Each structure stands twice: as structure tokens, then as C-alpha cells.
Amino acid sequence: MTSKLVVFTVFASLSAFASFAQEAEDPFKDVIETRHGLMLQMASDLGALGAIAKGTTAYDQATATKAASNIAAIASVISMAQFPAGSEVEKSADSFALPDIWAKQDDFLAKIADLNDAAAMMQTAAAKNGDAIKASMAQLGGACSACHKAYRQPES
Ligand code: HEC
């Protein structure tokens, strides 16, 4: 009885210490996970639109408008809130964010605005047909890659 309690107490304090140690190691862990999740969702929706643009998936208005509005919604969420100063590559585990995000913040914000514009354009296209989606892919894909080129460290 007593030894069980001791074991439990030791275990509880160890795990409390472990989670404390983890947070102390990287205060940006959660915010980096959040921005990765937002980016990955956009990639998935962009993939759905890309398949329609290529003709590998048949145009379906409900699917297309859902994908485009997901990207528009996420674009409106992205701000400096997911990019606190210091959460950069080599300082935070799993971050590929380049320090220029903070050094050239106005340009980074302009690229977020470009993404919002391209997403709005894609929403209009998605309500029309596959050809309209195809015509809007370059601007939307371009908004993603323009920012990645400037502000995201390539993974290899
Ligand atoms: C304003 C800049 C900006 C725009 C616009 C942008 N991204 Fe990103 N993206 C980043 C940055 C910075 C990272 C690296 C973040 C990190 O590793 O912490 C990133 C990372 C990613 C990742 C990797 C996520 C992971 O788990 O490592 C994917 C996928 C991605 N973006 C997709 C997209 C797509 C798709 C679009 C366009 C629809 C887009 N991004 C638009 C800045 C941007």
C-alpha cells in the first residue's frame, strides 16, 4: 500500500517534471504546431483544387467551393500571431521559418495579403467551373511559393 503510493508519487512528479522540462526547452512548440497545421490544411485544399485543374478529378462545385473557402478562411487567420519573434529555424525545433520574417515584416505581411487576394479570386473561380479554377491556380500557387521562397528554409 505504502510502496504503491510512493511509486505513484514518484511517477507523478517525474511526469510533471518531464512536461515542464519540455516546455522550458521550447516555448514555441505549440505555436509552431499550430502554423504547421494551418499550412498543411491549405496544402490539402490546394491539392484538391489542383486535381480539378489538371482534370484528374471531375469538377464538383460543392467540393471546389469548400476547398477554396477553407484556404480563404485560413489565409485570414494567418498573421504574426503564429509567428512570434524567436520561433525561427535553428532556435526552435521543427521550425523552418527564416529570420527575415521579422527583419522584413512588412513584406511578410504583404505576402499574407497576397494570399488572401488569391484565395478570394479562387473562391469566385471555384463557384464557376474547372477552367476558371485552372486559370486561378497560378496566382494562388504563386502566393504560396513566393512566401516560401523568401521565408521558409527548404527542408533539405
Ligand atoms: C506569408 C507567407 C506564407 C504563405 C503565403 C504561405 N506559407 Fe506555407 N509556410 C510559410 C512558412 C514561413 C513556413 C515554415 C513554418 C515553420 O516551419 O514553422 C511554411 C510551411 C508550409 C508547409 C510545411 C508545413 C510543415 O508541417 O512543415 C506547407 C505544407 C505549406 N507551408 C503550405 C502552404 C500552402 C499550400 C500555401 C498557399 C495556399 C502556403 N503555404 C502559403 C509561409 C507561408
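Atom set for the values below is all heavy atoms of this structure, side chains included, hydrogens, waters and symmetry mates excluded. Just so you know, these numbers come straight off a predicted model, no measurement behind them. Each ligand, and each atom within it, is numbered from 1 in the order the structure gives.
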Ser87 side chain vs Phe83 backbone, donor-acceptor pair below 3.5 Å: no
I'd like to know whether ligand 1 has Asp114 as a neighbour, heavy-atom separation below 4.0 Å. no
Within less than 2.8 Å of atom 8 (Fe) of ligand 1, any N, O or S from Met42? no
Ile74 to ligand 1, any heavy atom closer than 4.0 Å: no
Rounded at 0.5 Å granularity, tell me how far CD in Gln41 sits from CG in Asn70. 5.5 Å
Quick one: look up the protein heavy atom nearest atom 16 (C) of ligand 1 and list residue, atom name and how far away it is. His36 NE2, 3.0 Å
Can you tell me the protein heavy atom closest to atom 18 (O) of ligand 1 and the distance? Arg35 NE, 2.7 Å
Please check: side-chain N/O of Thr56 versus main-chain N/O of Ala51, any donor-acceptor pairing under 3.5 Å? yes
Do Val31 and Pro84 make a side-chain contact, defined as non-hydrogen atoms from C-beta onward lying under 4.5 Å apart? yes
Nearest protein heavy-atom contact for atom 34 (C) of ligand 1: which residue, which atom, what distance? Cys144 SG, 3.5 Å
Within the side chain of Gln153, is there an N or O that forms a donor-acceptor pair under 3.5 Å with the backbone of Leu98? no
Which atoms of ligand 1 sit under 4.0 Å from any heavy atom of Ile112? 1 (C)
Pair Trp102, Met80 - check side-chain contact (heavy atoms from CB on, under 4.5 Å), show working. CA-CA 9 Å; Trp102 300 277; Met80 294 314 292; 3.7 Å; yes
Using a strict 4.0 Å cut-off to heavy atoms of Ser95, name the atoms of ligand 1 that fall inside it. 17 (O), 18 (O)
Measure the distance from atom 28 (C) of ligand 1 to every protein heavy atom, then report the residue, atom name and distance (to 0.1 Å) of the closest one. Met39 CB, 3.7 Å
Ile101 and ligand 1 - part of the residue with a heavy-atom distance under 4.0 Å: side chain
Side-chain (Tyr59) to main-chain (Lys128) donor-acceptor, under 3.5 angstrom: yes
Contacting atoms of ligand 1, where contact means under 4.0 angstrom from a heavy atom of Cys147: 1 (C), 2 (C), 3 (C), 4 (C), 5 (C), 42 (C), 43 (C)
For Ala143, take its heavy atoms, then give the atoms of ligand 1 lying under 4.0 Å from any of them. 5 (C)
Would you say the side-chain atoms of Thr124 pair up with the backbone N or O of Ala120, donor to acceptor, closer than 3.5 Å? yes
Start with the C-alpha gap between Lys134 and Ile52, add the side-chain angles, then the distance that decides, and say whether side-chain contact (heavy atoms from CB on, under 4.5 Å) holds. CA-CA 8 Å; Lys134 193 174 175 183; Ile52 294 170; over 6 Å; no
Closer than 4.0 Å to some heavy atom of Asp94 - which atoms of ligand 1 meet that? 17 (O)
Nearest heavy-atom approach of Ala67 to Leu49 is CB-CG, 3.9 Å
Here the atoms of ligand 1 under 4.0 Å from any heavy atom belonging to Phe83 are 12 (C)
Under 3.5 Å, N or O to N or O, is Lys111 touching ligand 1 that way? no
In this structure, atom 12 (C) of ligand 1 is nearest to the protein heavy atom Tyr151 O, 3.6 Å
min-distance protein heavy atom vs atom 6 (C) of ligand 1 -> His148 NE2, 3.6 Å
Approximate separation, where rounding is to 0.5 Å, of Ser95 OG and Asp26 CG: 8.5 Å
Please list the nearest protein heavy atom to atom 14 (C) of ligand 1 with its residue and the distance rounded to 0.1 Å. Arg152 CG, 3.7 Å
Donor-acceptor contact below 3.5 Å, side chain Asp100 vs main chain Tyr151: no
What atoms in ligand 1 come closer than 4.0 Å to a heavy atom of Leu115? 5 (C), 37 (C), 38 (C)
